[in-house]
Number of protein chains: 2
Amino acid sequence: MTGERRRATAVDVARLAGVSQSAVSRCFTEGSSVSAEMRARVQEAARRLSYRPNAIARSLTTRRTNLVGVVMGDLDGPFQPYLFETLTRGLAMRGKQPLLVRGDPANALDGTAMAALDYQVDAVMVTAGSVSPRTIRGLMALGAPLLLYGRAVEADRVDSICCDNPLGARLVARALVAAGHRRIAYLGGRPTAFSEQERGTAFRTELADLGMPLVAVGEGDYGYDSGYRESLRLLAGPDRPDALFCGNDAMAFGALDAARTALGLRVPEELSIVGFDDVPMAAWPSFALTTVRNPVDDIVAIFLDMLERRLADPGAPPVLHRPPPVLVRRGSARL
Amino acid sequence: MTGERRRATAVDVARLAGVSQSAVSRCFTEGSSVSAEMRARVQEAARRLSYRPNAIARSLTTRRTNLVGVVMGDLDGPFQPYLFETLTRGLAMRGKQPLLVRGDPANALDGTAMAALDYQVDAVMVTAGSVSPRTIRGLMALGAPLLLYGRAVEADRVDSICCDNPLGARLVARALVAAGHRRIAYLGGRPTAFSEQERGTAFRTELADLGMPLVAVGEGDYGYDSGYRESLRLLAGPDRPDALFCGNDAMAFGALDAARTALGLRVPEELSIVGFDDVPMAAWPSFALTTVRNPVDDIVAIFLDMLERRLADPGAPPVLHRPPPVLVRRGSARL
DNA sequence: CTGAAAGCGCTTACAG
DNA sequence: CTGAAAGCGCTTACAG
């Protein structure tokens, strides 16, 4: 137990217990038939040596590592960490070990990220819609089952789950117009993001259908700072918008700060602000943000079910889930 | 390339290239002597088969997995995600694969977490000061080098790095008293957390030394909600405090919201609020939080250096770093 | 420089 | 139920 000594192996245990090494292995394998006496002796020896089977060696023969590659983008902003946290806890509870793969949100997976995949992961789960299509293709070529969050993809052997962004955007457009807003602006997120493409397009289209085209458009990057900066610009001129829909909550917080602190506007009296995601902070009194709820807990539960199903049946037809978001009304918008 | 076929192995490549399997291995091993012609043939064959060495199998003989267990607590709050993000990116850049170990912040590592350690990680890095001493002991018994963030531990084969919490608390106490505050309150975080113990004790002691004992004390859990709730209580009575030091930024945000929104207090005119950590949000105009900066980037850089050093020399004497924090003055405190 | 062989620590048919 | 042996996909002495 000095920590200097190497870890005990099945052979060490076998020797101490006076049995064969295969017997030791069986004692640690679910559903192997071992006599009670054998089991007791092996367990005692294992205990004395602090023996635990080497998962790496085991995986070599079972061809299952129980390792799941989790591709993550940046954890900045309040949304991603919560998703990541929920997902990794769920994986752990199901006996899967999350092996982190850092994906550069803008570009393809670099070499170091690919290296993670040499660990024979049973599957790869992508947790960020910002991962590029090119990266997705690289991952698909790997052979391991691929599961995507935040991007709706129709391809063989690829399952995906993605909030129904168009629906969310339409809910906002309708509510804003119904409440009498006449000068509506949109602040989009990173243009390469799948969610941005869906939200921006749907918002624009729905507004047009309602006969109330956008009066101003900004381009942010889903970060607070860009929300602050772009809002300053969008709200500065004459003919100020009376409503601003932001591509996510983080930018909406920036918009709120810019509007109230820098521009001295009253929210929602002079300006309605709406976000997307409904992160926990959105409910804080400082913000009381009206927003579209992206149901993370439901999403993660489904995502994990998709994984189990895919692992159980690699040949099953691909699945695409699009859970519907709902509009959460708080104080930041006059609705 | 159908994805159905198993991944190519070194034997497949050897066959295609017409060389021995050992030769293939050498071509993928740093510093092995291979002729240019051999290398070319092998590389061509490998390319055609999309061959990449199996890292799992490799680790079995090299006795190095390049896997680093990263023990994380909850990713709620704005501080942990940033630390986690910075650390995992640093590991990836150094060719280490982060294997996530979910630690229950309150209790010992449960079975599923221990299972992660059967993957023969080269080292274990703990990223949360909230991990219990009992868990730490369990990890120490594992034999793998252990590196701790957020808890100062003196033990053999354990390196640790931890912000100088007592110094941070003292800075706040002195600044508050010097600015003329006379009714100072403290809102602590989770009592079992190492940081809480250090910060609370030092703040109390320093204040006593300055002849200005605490007038009120609250107990939170480092979360926004507890900051809000406890502040309501601390600030409700007569003899309201004129300054409130919170154990971290998240609670300070809750305190700010409670003071301004629920109690209608003017900050900092009627009440000074100070946090700890200096998360990015602390600089947002909504909060403009005066706080103690916990230098994450520096900490992670040192943490990673400690890892490299420990891996290079397992017998090196243990190291304990205590980077000094600084007080960041913004609008939430009259200093 | 190159190949045959042993070995890393397991699991799993295969006999008994 | 139990043990001997083959094999998972590599690396690394060891000869040549």
Side-chain angles (χ1 to χ4, degrees), chain A residues 5-43 45-46 49-67 97 115 117-122 143-144, chain B residues 5-43 45-46 49-67 97 115 117-122 143-144:
Chain A
R5 268 185 38 197
R6 63 172 180 68
R7 295 174 60 142
T9 73
V11 170
D12 300 323
V13 176
R15 193 156 11 209
L16 181 60
V19 304
S20 75
Q21 183 266 320
S22 352
V24 174
S25 173
R26 279 194 207 95
C27 287
F28 284 91
T29 307
E30 296 278 322
S32 282
S33 34
V34 202
S35 70
E37 195 221 324
M38 162 83 71
R39 166 154 284 132
R41 281 169 64 189
V42 169
Q43 280 177 343
L49 297 176
S50 300
Y51 170 74
R52 311 202 80 209
N54 180 329
I56 294 277
R58 165 180 287 167
S59 77
L60 210 51
T61 50
T62 61
R63 307 176 148 285
R64 265 262 178 153
T65 55
N66 283 323
L67 248 25
Q97 309 303 332
L117 303 172
D118 295 335
Y119 287 80
Q120 316 298 115
V121 292
D122 291 339
Chain B
R5 269 187 36 199
R6 63 172 181 66
R7 295 173 58 140
T9 73
V11 170
D12 299 324
V13 176
R15 192 155 9 207
L16 182 59
V19 303
S20 75
Q21 183 267 319
S22 352
V24 174
S25 174
R26 279 192 207 96
C27 287
F28 285 91
T29 308
E30 294 279 320
S32 283
S33 34
V34 203
S35 70
E37 196 222 324
M38 163 84 69
R39 164 154 286 133
R41 281 169 63 190
V42 169
Q43 282 177 342
L49 297 176
S50 300
Y51 171 73
R52 310 202 81 208
N54 180 329
I56 294 276
R58 165 181 285 166
S59 77
L60 210 51
T61 50
T62 60
R63 306 178 148 285
R64 266 259 179 155
T65 55
N66 284 322
L67 247 25
Q97 309 304 330
L117 303 171
D118 294 337
Y119 287 80
Q120 317 300 111
V121 291
D122 291 339

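Labels below follow one simple rule: chain letters A, B, ... track the order of the sequence lines, proteins then strands, and each chain is numbered from 1.
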Can you measure [X] atom [atom1] to [N] atom [atom2] for me and round it to whole angstrom units?
X	N	atom1	atom2	result
R64(B)	dG9(C)	CZ	C1'	19 Å
R58(A)	dG7(D)	CZ	C1'	17 Å
N66(A)	dT11(C)	CG	P	12 Å
R63(B)	dT12(D)	CZ	C1'	13 Å
Q21(B)	dG9(D)	CD	C1'	7 Å
Q120(A)	dG9(D)	CD	C1'	9 Å
Y119(B)	dC10(C)	OH	P	13 Å
Y51(A)	dG9(C)	OH	P	10 Å

Any strand counts, and the cut-off is 3.5 Å on both contacts for Watson-Crick or G-U wobble. Which nucleotide pairs with dA4(C)?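 Its partner is none (no Watson-Crick or G-U wobble pair with both distances under 3.5 Å).
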G-U wobble or Watson-Crick pairing nucleotide for dA13(D) (cut-off 3.5 Å, both distances):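 Paired with dA13(D), as far as the under-3.5 Å criterion goes, is no nucleotide at all.
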Among I56(B), T62(B), N54(B), L60(B), find the residue that satisfies the side-chain contact (heavy atoms from CB on, under 4.5 Å) test when tested with R58(B).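 Testing each of I56(B), T62(B), N54(B), L60(B) against R58(B), the sole residue satisfying side-chain contact (heavy atoms from CB on, under 4.5 Å) is T62(B).
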Closest non-hydrogen atom pair between V13(B) and V42(B), with its separation: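 Residues V13(B) and V42(B), closest heavy atoms: CG1-O, 3.9 Å.
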Hey, which sits more toward the 5' end of DNA chain C by its nearest nucleotide, S20(B) or I56(A)?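 The 5'-side residue here is S20(B).
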If you check the [X] side chain, which of [options] turns out closest?
X	options	answer
V19(B)	dG3(C), dC8(C), dT12(D)	dG3(C)
S22(B)	dA4(C), dC10(D), dC10(C)	dA4(C)
A57(A)	dG9(D), dC10(C), dT12(C)	dC10(C)

Counting only N and O atoms by type, is there a donor-acceptor contact under 3.5 Å from the side chain of R26(B) to the main-chain atoms of V34(B)?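 Not at all, since once roles are kept as given, no pair shorter than 3.5 Å links the two residues.
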Please check if the side chain of R52(B) supplies one atom and the backbone of D118(A) the other of a donor-acceptor pair under 3.5 Å.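 Here the side-chain-to-backbone pair does not exist.
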Heavy atoms under 4.0 Å, any strand shown: does S25(B) hit a base, just sugar-phosphate, or nothing?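 Counting heavy atoms under 4.0 Å across all strands, the contact made by S25(B) includes a base.
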S33(B) near the nucleic acid: base, sugar-phosphate alone, or nothing, with a heavy-atom cut-off under 4.0 Å?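 Here S33(B) touches the bases of the nucleic acid.
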Walk me through whether Y119(B) and Y119(A) qualify under ring-ring contact (aromatic ring centres under 6.0 Å, His included). CA-CA 11 Å; Y119(B) 287 80; Y119(A) 287 80; 9.9 Å; no
Residue-phosphate contact under 4.0 Å: S35(A) side-chain N/O, dC1(D) OP1/OP2: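 Looking at the OP1 and OP2 atoms of dC1(D), neither is under 4.0 Å from any side-chain N or O of S35(A).
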With no angle test and no hydrogens, is the base of dG3(D) tied to the side chain of R26(A) by a donor-acceptor pair under 3.5 Å?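 Check passes, donor-acceptor contact within cut-off.
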